[in-house]
Amino acid sequence: MKYEFARIERKWRDIWASRKTYAARDSGGKPKCYVLIEFPYPSGEGLHVGHARPYTAMDIVARKRRMQGYNVLFPMGFDAFGLPTENYAIKNKLHPADVTEKNIARFTEQLKMLGYSFDWDRVVNTTDPEYYKWTQWIFLKMFEKGLAYKASIPVNWCTSCKCVLANEEVVGGVCERCGSEVVRREKSQWMLKITDYAQRLLDDLDGLDYIERVKTQQRNWIGRSTGAEIVFKTTRGDGLRVFTTRPDTLFGATYMVVSPEHELVKKSADVLENTAEVRDYCESAAKKSDFERTEMAREKTGVRLAGLDAVNPATGWRIPIYISDYVLSTYGAGAIMAVPGHDARDWEFAKKFGLPIVEVVSGGDVEKEAYADCGAGTMVNSDFLNGLSVEAAKAAITKWLAEKGLGEYKVNYKLRDWVFSRQRYWGEPIPIVYCESCGYVAAPESELPVRLPKVESYETTGTGESPLASMGDWVNTTCPSCGGPAARETDTMPQWAGSSWYFLRYADPRNDGELASGEALHRWTPVDWYNGGMEHTTLHLLYSRFWHKFLYDIGVVPTPEPYLKRTSHGMILGEDGQKMSKSRGNVINPGDIVAELGADTLRLYIMFIGDFEKSAPWSTKAVKGCKRFLDRVWNLAEGQPGGGDVYSAAHERAVHRAIKKVGGDIEAMKFNTAIATLMTLVNDFYEAPPSRGDIRALLTLLSPFAPHIAEELWEIQGFGGLACEQPWPEYDDAKTLGGDMEIAVQVGGKLKCAVTVPRDSGEEDVLAAALASDRIAGLAAGKEVARVIYVKNKLINLIIK
RNA sequence: GCCGGUGUGGCGGAACAGGCAGACGCCCGGGACUUAAAAUCCCGUGGGAUAAUAUCCCGUACCGGUUCGAACCCGGUCACCGGCACCA
């Protein structure tokens, strides 16, 4: 009989579906295990072979956990709000909701085709009002707690599309869609105060089992630094606050710089002698696109605030204040004390503008370059700090500042609050109304969800407002607080909103009274193992940790962290080694592979392709090798095994080794070597016929990787039940070892030959065996064995003189 | 510039923890089967010297070190990939 993969795969898919083999049980005594993959954005292109890699990997993990006796939750859903759908819909004059529905149907079909063991009864869809009702609810809770606020901030403005772009829509400084210039523009936006959680997001990383590069990237993104906040007095009498990580260098601060957006500029207009020059500089800085800012980043520019100076509180010097765009308005206090002797940027600026450079830490040559990395230096020219180390000086000056009321110890973060508004149609409406007399008022919970209106045109308006703004009927409403006329918020939430909590909904996806019941959340959360892309590390992964912590604080979820373990997969590249893309024409469609070679072959190959964490190029030839392997398995097991019930010590050892290796490799995500082990096992079975027990073990181990063929052969063999419901096999360590060991024999560290001795032989026996061999006897003849290094069951190294 | 990662055959990649480098697969070569081809099965396959499957030499980006022994540890150099990028 031939291996008819198409028939077999269809058959078992239907059986699993009708039996609900993979449903997560909301009751029962088994320990739970929550295995999660990032739910896809259902794009028009359909399932990509890149999706199959993490999905197959975690499907293998989920299947193994079930076999290990866990009650497994392995769900799937769709993150369906967002720009590509909206743009596609605009272009083709369709409604985004209809496009989404079609895309989800297609994705579902393709995912089912690959035999994933998802619990299909728990599917969530972020665009479903029954779902986004709770996304809105969480937003309202944040609003209630003061974590959602409106602020005027610079946003990306496309000069051609006349609309606001998200950061991720700006590619290389130009609009992703039309290629036109993008400039910054002040706009009032909804913001979420993720910065309130910065320290906890940082601290709690320590206790999590995330791969190291994820932790590092999140730490860098949060960007904690410590130093002091110091207030300088201006000659006008105002206080000018700065943040510095080097308060020890205060005696070397010879001028100050404020960002062009700094309030001091407007506030001091009355005393400025060069108002026009300052205004010009600020205006040109504001007009600069992000692109220009990066391009011109290195060349320092600036204008002095003539007529206004500051006083260095340590030296009493009167020092000038400059305005320059090398100081960012968004970090620290938006102003710095400049210490050109010990900061490369300040040094460059001081040289250009002829400002004094004072050395306060000895060890470098501040006339040649800034001596910035001066941890080993000693303080000089710094009054009471002289002679101290940098570290001691930091402590001393911070204490001094605090005593004098001039400053204090301060922690700063690079992390900024989350811009939560999008002027787009296809997103969750922000459930807020604006009332002239009451301000921003939350929509009452009873009115949730605030639905997206179905309308004719949802194209961008050109004014920078959301398309929703032009829908008078929807916008005009009454104030929930005073009953007067009010207007709905027309901004929608960003793509990241719905995905910030979706894993909670899987626990209880049909609940219409809560986002999920406390009982369900206790049962299933936190997620035990979450795999996803590195590109989400500082976006989705950080955002959802933030939301989860907030929900923990208000008593909705039982744990402060959502995911116990995080791993990440590498990309699948095209056959040419380039990133797969339509324009390059190197896209592999998983559907084609399934049709030609079967889902099991695709699953196997995508796991065999290479190191799971690294990117790997597709190879059409190598896929066939995996098909060949399954053919070999089929030929081995579709009839009665040649070995019958005959016991073979060699096979028993091979099977126990395979159980150990495959199990360990799945846990370590080394799927490629797990499959190599199975291939080796099958090769062994071709050399000497396996017994029924050997076949049984092989099929059990193969079942998570290639579930359809494993199930069919399991049935043919008449083992009873389903292969995927068998207990995961145990191995006996003693049985993985053979009776005799081959010991490598080295002379002076160079391999010469090998001898076979009983396992665990002692040094004398191995040495004797080695010396007895022709090769070593020849080399040692007439010489003395000066030293012997013996590694048990591995090798022996003889030093001969 | 900073942070992180990676450099191993013709190719994808193995090598638990400093102990036989190249598992497994692809490609390629040879053989069996076949009228023939495909498929399948078996054998070979890092480079070089050699009649040789004997033996020897070289070999894990490069240079040096530690060690009985280094792909692995240490110092330095180079290349590539990813992220951040005037963060005070």
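All chains are named by letter (A, B, ...) in the order of the sequence lines, taking the proteins before the strands, and each is independently numbered beginning at 1. Bear in mind the structure is a predicted one, so any value in this text is a computation, not a measurement.
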Chemist: So that I can tick it off, tell me whether A/Lys352 and A/Glu299 are bridged by a salt bridge, with the cut-off set at under 4.0 angstrom between side-chain N and carboxylate O.
Modeler: yes
Chemist: May I ask you to evaluate whether A/Ser225 reaches the phosphate of B/A88, defined as a side-chain N or O under 4.0 Å from OP1 or OP2?
Modeler: yes
Chemist: Considering only atom P, compute the distance from B/G75 to B/C3 and round it to an integer number of Å.
Modeler: 15 Å
Chemist: Please report the distance separating the C1' of B/A70 from the corresponding atom of B/G19, rounded so that it comes out in whole Å.
Modeler: 10 Å
Chemist: Taking for each residue the nucleotide of RNA chain B bearing the nearest heavy atom, is the 5' side occupied by A/Thr680 or by A/Tyr331?
Modeler: A/Thr680
Chemist: If only side-chain N and O atoms of A/Asn672 are considered, is one of them under 4.0 Å from the OP1 or OP2 phosphate oxygen of B/A14?
Modeler: yes
Chemist: B/G19 phosphate, OP1 or OP2: any side-chain N/O from A/Lys750 under 4.0 angstrom?
Modeler: no
Chemist: Would you kindly check whether a donor in the side chain of A/Lys300 faces an acceptor in the base of B/C86, or vice versa, at under 3.5 angstrom?
Modeler: yes
Chemist: With respect to A/Thr537, which candidate in A/Gln217, A/Arg213, A/Lys215 satisfies the side-chain contact (heavy atoms from CB on, under 4.5 Å) definition?
Modeler: A/Gln217
Chemist: Pick the nucleotide of RNA chain B nearest each of A/Ala744 and A/Gly223; which residue has the one closer to the 5' end?
Modeler: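 The 5'-side residue here is A/Ala744.
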Chemist: Hey, which of A/His569, A/Glu38, A/Arg53 is the one that makes side chain to side chain donor-acceptor pair (under 3.5 Å) with A/Asn531?
Modeler: A/His569
Chemist: Return no unless some side-chain N or O of A/Arg628 is found under 4.0 Å from OP1 or OP2 of B/A39.
Modeler: no
Chemist: Check the chi torsion on B/G64 and let me know: syn if it falls within 90° of 0, anti if not.
Modeler: anti
Chemist: Does A/Lys614 make a side-chain N or O approach to OP1 or OP2 of B/C80 shorter than 4.0 Å?
Modeler: no
Chemist: Does B/C3 have OP1 or OP2 sitting under 4.0 Å from an N or O in the side chain of A/Arg219?
Modeler: no
Chemist: Between the side chains of A/Glu263 and A/Arg241, is the shortest nitrogen-to-carboxylate-oxygen separation below 4.0 Å, so that they form an ion pair?
Modeler: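 No, no charged N to carboxylate O under 4.0 Å.
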Chemist: Within less than 4.0 Å of OP1 or OP2 of B/G4, is there a side-chain N or O belonging to A/Arg213?
Modeler: no
Chemist: Using a cut-off of less than 4.0 Å, is there contact between a side-chain N or O of A/Asn635 and OP1 or OP2 of B/C41?
Modeler: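 It does not, given that no N or O in the side chain of A/Asn635 lies less than 4.0 Å from OP1 or OP2 of B/C41.
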